Visitor: 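Let me give you the structure first, and then I'll get to my questions.
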Amino acid sequence: MKYRAIKGVQDILPPDVYLWQEVESTARQVFAPFGYREIRTPVMEFTEVFTRGIGETTDIVEKEMYTFNDRAGRSMTLRPEGTAPVVRAYVENHLYSLPSPQKYYYIGPMFRYERPQKGRFRQFHQIGVETFGEEDPRMDAEVLDMLRCFFERVGVDNLRFEVNSIGCDECRPIYRRALIDFLTGQIDSLCSDCKRRYEVNPLRVLDCKVKGCGEIKKKAPGITDYLCSGCREHFDALRGYLELLKIPFRVNPEMVRGLDYYTRTTFEVTSEFLGARSAVAAGGRYDKLIEEFGGPAVPGIGFAIGVERLAALIKDRHGIREPVPTVYFAAIGDEAEKAAYKLASEMRTKGIRVELDYSGASLKSRFRKADRLKATYVFIFGEDELSRGTVRYKRLSDGEQGEINKDDVMQFFG
RNA sequence: GUGAGCGUAGCUCAAUGGUUAGAGCACUGGACUGUGGCUCCAGCGGUUGUGGGUUCGAGUCCCAUCGCUCACCCCA
């Protein structure tokens with residue numbers, strides 16, 4: 001084979017593409033009543049948008065970005081996530097001068113240079129939302145409510161909603177200190193990865209799946225006990241509203257997010273059917289990020305849904321609905337084929353899906369093909385019908401046949 | 001970046017180191033000349049990922065390489 005797709009990217013072909021269309025249109029339908037409007041940002045940004053936004057020491061920035069110099073020597077990066085670009089657009093276009101809160105959603109490809117595996121690709125797609133200008137915990141709950149609604153509409157259940165609060169600039173450093181102090185005493189018992197995490201990002205130790213570390217984790221101080229009064233009240237209120245909205249959730253004090261910009265609320269939606277990495281959606285609050293981008297002190301919250309992972313779940317649950325042809329046109333003979341060609345054009349113009357072939361194959365093989373295409377009707381159109389000015393039809397589901405006047409074809413489809 | 005597994009027909013897979021690498025599905029045609037699905041028959045389809053090596057003989061064993069998959073790190 002001469003050419004092949006790049007590692008970790010993939011073609012989205014029919015029938016899968018119909019699933020994607022369904023997912024995307026459901027997202028639009030679900031988000032609209034919550035007041036979300038679409039925003040489209042470029043797939044490429046100046047590299048600083050991500051290094052500053054996501055954090056210099058995160059894995060994404062350190063080893064996963066598609067970064068290159070353009071012809072003028074400026075460093076550009078294919079977006080590895082959606083929040084930083086949307087925040088950049090929000091600040092650059094002064095969207096904060098519009099009435100708060102401003103709510104946006106986006107749908108599109110992201111790029112990360114990673115080893116592909118189940119549910120992980122180098123080009124993958126996210127449906128994300130970002131809300132600017134509201135710090136009330138009711139907004140956090142609302143965003144989760146919208147997620148719940150989306151998954152319900154798209155027909156995926158058995159999901160776990162996990163929430164946590166990782167505090168703010170005030171309380172997180174204090175907790176971090178306490179955790180480090182604790183881990184320092186246990187360092188010899190930690191797994192090798194966790195020894196590295198201890199240096200780089202101690203909170204990640206909480207995320208470790210190794211058994212030995214789990215034992216240590218149980219005794220470790222929890223973030224929940226270190227939240228400042230503001231963060232504690234916010235988190236308590238959020239849980240209250242989630243209960244009010246009857247959103248089933250679990251508090252997971254060990255959940256740590258990989259991006260630096262999160263404050264207070266973080267959450268993940270996971271499924272046990274997704275293999276090693278089970279998150280199908282994740283997000284959180286980022287109250288300092290807009291300032292970081294040179295904007296006003298405006299809080300934000302958002303999430304992203306992994307479309308590939310979601311599509312895999314839906315495919316498992318209920319497969320794919322693919323549109324089928326209404327009519328398979330089998331014309332026999334030069335004159336009839338010519339007339340059928342014309343009639344098919346008229347029908348298509350009216351929105352009826354018509355398949356006709358130019359192969360001149362036997363009627364039998366055309367029926368076979370019509371059957372394979374799952375056409376609703378076969379139209380038979382030969383010398384006899386041509387001279388009578390009619391079309392013979394056969395409904396494939398039950399074999400019912402009849403003959404209709406050529407001029408009544410449109411009526412036939414009512 | 002690290003580790004493991006797997007590469008044979010379009011797809012799913014067979015083939016003790018030994019004839020001309022097979023089967024099912026799919027595709028094309030026929031039985032049925034203007035009527036699909038079911039059945040039967042036939043046909044089409046291969047550089048066994050690639051390159052070396054061992055051997056009288058390699059799809060099979062060895063080495064390298066490329067690719068895919070899964071897992072780790074990390075992430076949607």
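Atom set for the values below is all heavy atoms of this structure, side chains included, hydrogens, waters and symmetry mates excluded. The model shown is predicted, which means the values in this text are computed figures rather than measured ones. Numbered from 1 within each chain, the chains take letters A, B, ... in sequence-line order.
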Visitor: Look up atom CD1 in Ile332(A) and atom CZ in Phe381(A), then write down how far apart they are to the nearest 0.5 Å.
Guide: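 Those atoms lie 10.0 Å apart.
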Visitor: Distance check, P atoms only: C13(B) and U2(B), in whole angstrom units.
Guide: 29 Å
Visitor: Any side-chain donor paired with an acceptor under 3.5 Å for Thr376(A) and Thr326(A)?
Guide: no
Visitor: To the closest 0.5 Å, what do you measure between CG (Leu238(A)) and OG1 (Thr265(A))?
Guide: 5.0 Å
Visitor: Please list all pairs passing the ring pair (Phe, Tyr, Trp, His ring centres under 6.0 Å) test where one or both residues lie in residues 6-26 of chain A, with sequence neighbours left out.
Guide: Trp20(A)-His125(A)
Visitor: For the pair Arg122(A) (side chain) and Val9(A) (backbone), establish whether a donor and an acceptor sit closer than 3.5 Å, ignoring hydrogens and angles.
Guide: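 Not at all, since once roles are kept as given, no pair shorter than 3.5 Å links the two residues.
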Visitor: Determine the interatomic distance between P on G51(B) and the same-named atom on G59(B); round to the nearest Å.
Guide: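 The same atom, P, in both gives a distance of 13 Å.
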Visitor: Please determine, for the side chain of Gln126(A), which listed nucleotide (G29(B), C68(B), A76(B)) has the closest atom?
Guide: A76(B)
Visitor: Determine the Euclidean distance between corresponding C1' atoms of G34(B) and A42(B); express it in Å to zero decimal places.
Guide: 24 Å
Visitor: Can you list everything that forms a side chain to side chain donor-acceptor pair (under 3.5 Å) with Glu81(A)? Sequence neighbours excluded, please.
Guide: Tyr261(A)
Visitor: Separation of Tyr105(A) atom OH from A76(B) atom P, in whole Å?
Guide: 22 Å
Visitor: G46(B) and G22(B): how far apart are their P atoms, nearest whole angstrom?
Guide: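 14 Å, rounded to whole Å.
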Visitor: Side chains of residues 393-400 of chain A: which donor-acceptor pairs under 3.5 Å do they make with residues two or more places apart or in other chains?
Guide:
| residue | atom | partner | partner atom | Å |
| --- | --- | --- | --- | --- |
| Tyr393(A) | OH | Glu400(A) | OE2 | 3.1 |
| Arg395(A) | NE | Asp398(A) | OD1 | 3.2 |
| Arg395(A) | NE | Asp398(A) | OD2 | 3.4 |
| Arg395(A) | NH2 | Asp398(A) | OD2 | 3.0 |
| Arg395(A) | NH2 | Glu400(A) | OE1 | 3.0 |
| Asp398(A) | OD1 | Glu400(A) | N | 3.1 |

Visitor: Would you call the rings of Tyr104(A) and Tyr90(A) parallel, tilted or perpendicular, taking 30° and 60° as the class edges?
Guide: perpendicular
Visitor: Checking Thr184(A) now: which residues fulfil side chain to side chain contact (heavy atoms under 4.5 Å, CB included) with it, not counting sequence neighbours?
Guide: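 Checked Thr184(A) against side chain to side chain contact (heavy atoms under 4.5 Å, CB included); matches are Ile180(A), Tyr198(A).
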Visitor: Whether the Arg176(A) and Tyr226(A) side chains hold a donor-acceptor pair (N or O, under 3.5 Å, no angle test) is what I'd like checked.
Guide: no
Visitor: Checking contacts here: which listed nucleotide (U28(B), A71(B), G29(B)) is nearest the side-chain heavy atoms of Gln117(A)?
Guide: A71(B)
Visitor: Please identify each residue that fulfils side chain to side chain donor-acceptor pair (under 3.5 Å) with Lys195(A), with sequence neighbours left out.
Guide: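 Lys195(A): no side chain to side chain donor-acceptor pair (under 3.5 Å) contacts found.
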Visitor: Is there a donor-acceptor contact under 3.5 Å linking the side chains of Thr83(A) and Glu130(A)?
Guide: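 Thr83(A) vs Glu130(A): donor-acceptor pair found between side chains.
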Visitor: Without decimals, in angstroms, what is the distance between Ile54(A) CD1 and C74(B) P?
Guide: 17 Å
Visitor: Using 0.5 Å steps for rounding, measure from the CZ atom of Arg317(A) to the CG atom of Leu313(A).
Guide: 9.0 Å
Visitor: Side-chain donor-acceptor pair under 3.5 Å between Tyr328(A) and Asp371(A), yes or no?
Guide: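 The criterion, which ignores hydrogens and geometry beyond distance, is not satisfied for Asp371(A) and Tyr328(A).
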Visitor: List in chain and number order the residues that pass side chain to side chain donor-acceptor pair (under 3.5 Å) with Tyr341(A), two or more places apart in sequence or in another chain; answer none if no residue qualifies.
Guide: none
Visitor: Which helical stems does RNA chain B take part in, if a stem means at least 3 consecutive Watson-Crick or G-U pairs with both distances below 3.5 Å?
Guide: B:1-7 with B:66-72, B:10-13 with B:22-25, B:27-31 with B:39-43, B:49-53 with B:61-65
Visitor: What integer number of Å spans the C1' atoms of G7(B) and G49(B)?
Guide: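 Looking at atom C1' only, G7(B) and G49(B) are 6 Å apart.
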Visitor: What integer number of Å spans the P atoms of U47(B) and U60(B)?
Guide: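 Approximately 16 Å lies between the P atom of U47(B) and that of U60(B).
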Visitor: Rounded to whole Å, please give me the gap between CD in Glu400(A) and P in U35(B).
Guide: 19 Å
Visitor: Ignoring hydrogens and angles, does a donor from either the side chain of Lys118(A) or the base of C70(B) sit under 3.5 Å from an acceptor on the other?
Guide: no
Visitor: Applying side chain to side chain contact (heavy atoms under 4.5 Å, CB included), can you list everything that pairs with Asp334(A), at least two apart in sequence or on another chain?
Guide: none
Visitor: Strictly under 3.5 Å: I want the nitrogen or oxygen pairs between protein and nucleotides 1-9 of chain B, one per line.
Guide:
| residue | atom | partner | partner atom | Å |
| --- | --- | --- | --- | --- |
| U2(B) | O4 | Arg115(A) | NE | 3.4 |
| U2(B) | O4 | Arg115(A) | NH1 | 3.4 |
| U2(B) | O4 | Arg115(A) | NH2 | 2.9 |
| G3(B) | O6 | Arg115(A) | NH2 | 3.4 |

Visitor: Could I get a table of every N or O pair under 3.5 Å where one atom is in the protein and the other is in nucleotides 37-42 of chain B?
Guide:
| residue | atom | partner | partner atom | Å |
| --- | --- | --- | --- | --- |
| G37(B) | O4' | Asp371(A) | OD2 | 3.2 |

Visitor: Could you list by number each residue of residues 376-393 of chain A showing a heavy-atom separation from RNA chain B of less than 4.0 Å, or answer none if no residue does?
Guide: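 Correct list: Ile380(A), Gly382(A), Glu383(A), Asp384(A), Glu385(A), Arg392(A).
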Visitor: Within residues 155-163 of chain A, which residues have any heavy atom lying less than 4.0 Å from an atom of RNA chain B?
Guide: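 The answer is none.
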Visitor: Strictly by modelled atom types, are Tyr36(A) and Thr131(A) linked by a side-chain donor-acceptor pair under 3.5 Å?
Guide: yes
